[in-house]
**Student:** 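The structure under discussion is supplied below as structure tokens; questions concerning it will follow.
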Amino acid sequence: MLKKITFIVMAVAFTLSAHAQFEQGKKYVSASFSGFDVVYNGLSDLNAGIQAKGGYLVEDNLMLLGSVGYNHIGSDDDTPDRFSLGVQGRYYIIQNGIYLGVGATYKHANHNYNDLMPSVELGYAFFINRIVTIEPSVYYEQSINDHSKYSNVGLRLGLGLYLFR
């Protein structure tokens with residue numbers, strides 16, 4: 001009986017503390033790695049990248065983000081590495097950290113490649129402590145230039161900080 005009461009108290013405390021994690025006014029910074037040789041597109045063998053994000057919770061459970069990134073692309077036709085700038089909206093579906101993101105990224109490489117890529121992302125913000133998270137996610141980026149060559153499906157692993165007001 002004592003174990004059941006302890007479990008219920010811990011579940012209620014976890015639920016209440018999780019509610020405070022995604023409240024309006026918090027700031028967010030993150031660094032993430034993508035690819036890990038599990039990104040698939042029609043052009044490359046290896047696609048690995050690093051990305052930095054900054055965001056702000058404009059409403060409870062609703063975050064706006066900006067990002068900057070670099071992707072290394074290994075392929076047979078010497079596709080150049082890409083730099084990117086992006087915007088995203090993220091909605092935390094339930095208070096345990098599951099989120100859905102929708103955004104757009106502008107990617108540039110040399111003078112011959114420019115692409116606007118709308119994207120969707122499904123992820124989970126796993127809190128290590130009150131402000132630090134590990135954020136695995138699955139994403140899809142749709143290329144406007146050439147769907148079959150440049151669109152991506154992949155995994156991303158991030159480390160995030162949710163900063164108080």
Side-chain angles (χ1 to χ4, degrees), residues 14-15 17-23 25-75 79-109 113 115-144 147-164:
F14 176 74
T15 302
S17 67
H19 178 68
Q21 302 299 339
F22 308 115
E23 66 185 5
K26 281 194 176 179
K27 296 174 183 77
Y28 170 81
V29 292
S30 170
S32 62
F33 298 97
S34 61
F36 306 110
D37 210 12
V38 292
V39 167
Y40 175 77
N41 63 33
L43 185 62
S44 63
D45 299 325
L46 169 68
N47 184 340
I50 187 166
Q51 189 175 51
K53 292 182 181 179
Y56 183 76
L57 280 147
V58 294
E59 295 286 332
D60 287 355
N61 301 326
L62 182 62
M63 183 186 300
L64 296 179
L65 298 130
S67 66
V68 61
Y70 170 80
N71 282 27
H72 170 73
I73 299 170
S75 68
T79 303
D81 294 347
R82 299 179 188 152
F83 296 93
S84 63
L85 292 172
V87 293
Q88 183 183 37
R90 183 185 282 185
Y91 179 74
Y92 293 89
I93 299 169
I94 51 181
Q95 287 298 322
N96 67 3
I98 296 173
Y99 64 86
L100 178 63
V102 176
T105 304
Y106 170 75
K107 293 193 176 187
H108 172 76
Y113 177 82
D115 202 353
L116 181 63
M117 300 180 82
S119 64
V120 293
E121 178 179 23
L122 177 64
Y124 178 69
F126 175 75
F127 280 86
I128 297 173
N129 61 27
R130 291 185 66 208
I131 63 170
V132 178
T133 59
I134 295 175
E135 298 181 347
S137 66
V138 177
Y139 65 92
Y140 174 72
E141 296 175 322
Q142 170 70 44
S143 173
I144 299 296
H147 169 72
S148 63
K149 285 186 178 180
Y150 300 119
S151 295
N152 297 312
V153 174
L155 297 175
R156 183 175 290 132
L157 183 62
L159 181 66
L161 297 173
Y162 289 78
L163 305 172
F164 297 102

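Residue indices begin at 1 and follow the sequence shown.
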**Student:** Please report the interatomic distance OG(Ser119) to CD(Gln142), rounded to the nearest 0.5 Å.
**Tutor:** 10.5 Å
**Student:** Any heavy-atom pair between the side chains of Ile134 and Leu157 that's under 4.5 Å?
**Tutor:** yes
**Student:** If you round to the nearest 0.5 Å, how far is CG of Leu161 from OG1 of Thr133?
**Tutor:** 7.0 Å
**Student:** May I ask you to decide whether Lys53 forms a salt bridge with Glu121, counting only side-chain N to carboxylate O separations under 4.0 Å?
**Tutor:** yes
**Student:** For residues Tyr56 and Leu64, determine if any side-chain heavy atom of one lies less than 4.5 Å from a side-chain heavy atom of the other.
**Tutor:** no
**Student:** Under a 3.5 Å distance rule, please check whether Asp115 uses its side chain to pair with a backbone N or O of Ile144 as donor and acceptor.
**Tutor:** yes
**Student:** Between Val138 and Leu155, is there a side-chain heavy-atom distance shorter than 4.5 Å?
**Tutor:** yes
**Student:** With a 4.5 Å cut-off on side-chain heavy atoms, are Asn61 and Ile93 touching?
**Tutor:** no
**Student:** Distance check, rounded to the nearest 0.5 Å: Leu85 atom CG versus Thr105 atom OG1?
**Tutor:** 9.0 Å
**Student:** Mind checking the CD-CG spacing from Glu141 to Leu116? Nearest 0.5 Å is all I need.
**Tutor:** 11.0 Å
**Student:** How close do Ser137 and Gly123 get, counting heavy atoms only, and between which atoms?
**Tutor:** CB-CA, 3.7 Å
**Student:** Kindly give the heavy-atom pair with the smallest separation between Val132 and Asn129, and that separation in Å.
**Tutor:** N-OD1, 2.9 Å
**Student:** If we check ring-ring contact (aromatic ring centres under 6.0 Å, His included) with Tyr92, which of these qualifies: Tyr124, Tyr28, Tyr99?
**Tutor:** Tyr99
**Student:** Rounded to the nearest 0.5 Å, what separates atom CD in Gln51 from atom OG in Ser84?
**Tutor:** 6.0 Å
**Student:** List the atom of Arg156, the atom of Ser32, and the distance in Å for their closest heavy-atom pair.
**Tutor:** CD-OG, 3.6 Å
**Student:** Starting at CZ of Phe22, measure out to CD of Glu59 and round the result to the nearest 0.5 Å.
**Tutor:** 15.5 Å
**Student:** Using a 6.0 Å cut-off, check whether atom CZ of Phe126 has over 12 heavy atoms from anything other than its own residue.
**Tutor:** no
**Student:** Quick check: closest heavy atoms across Arg82 and Ala109, and the distance to 0.1 Å?
**Tutor:** CG-CB, 3.9 Å
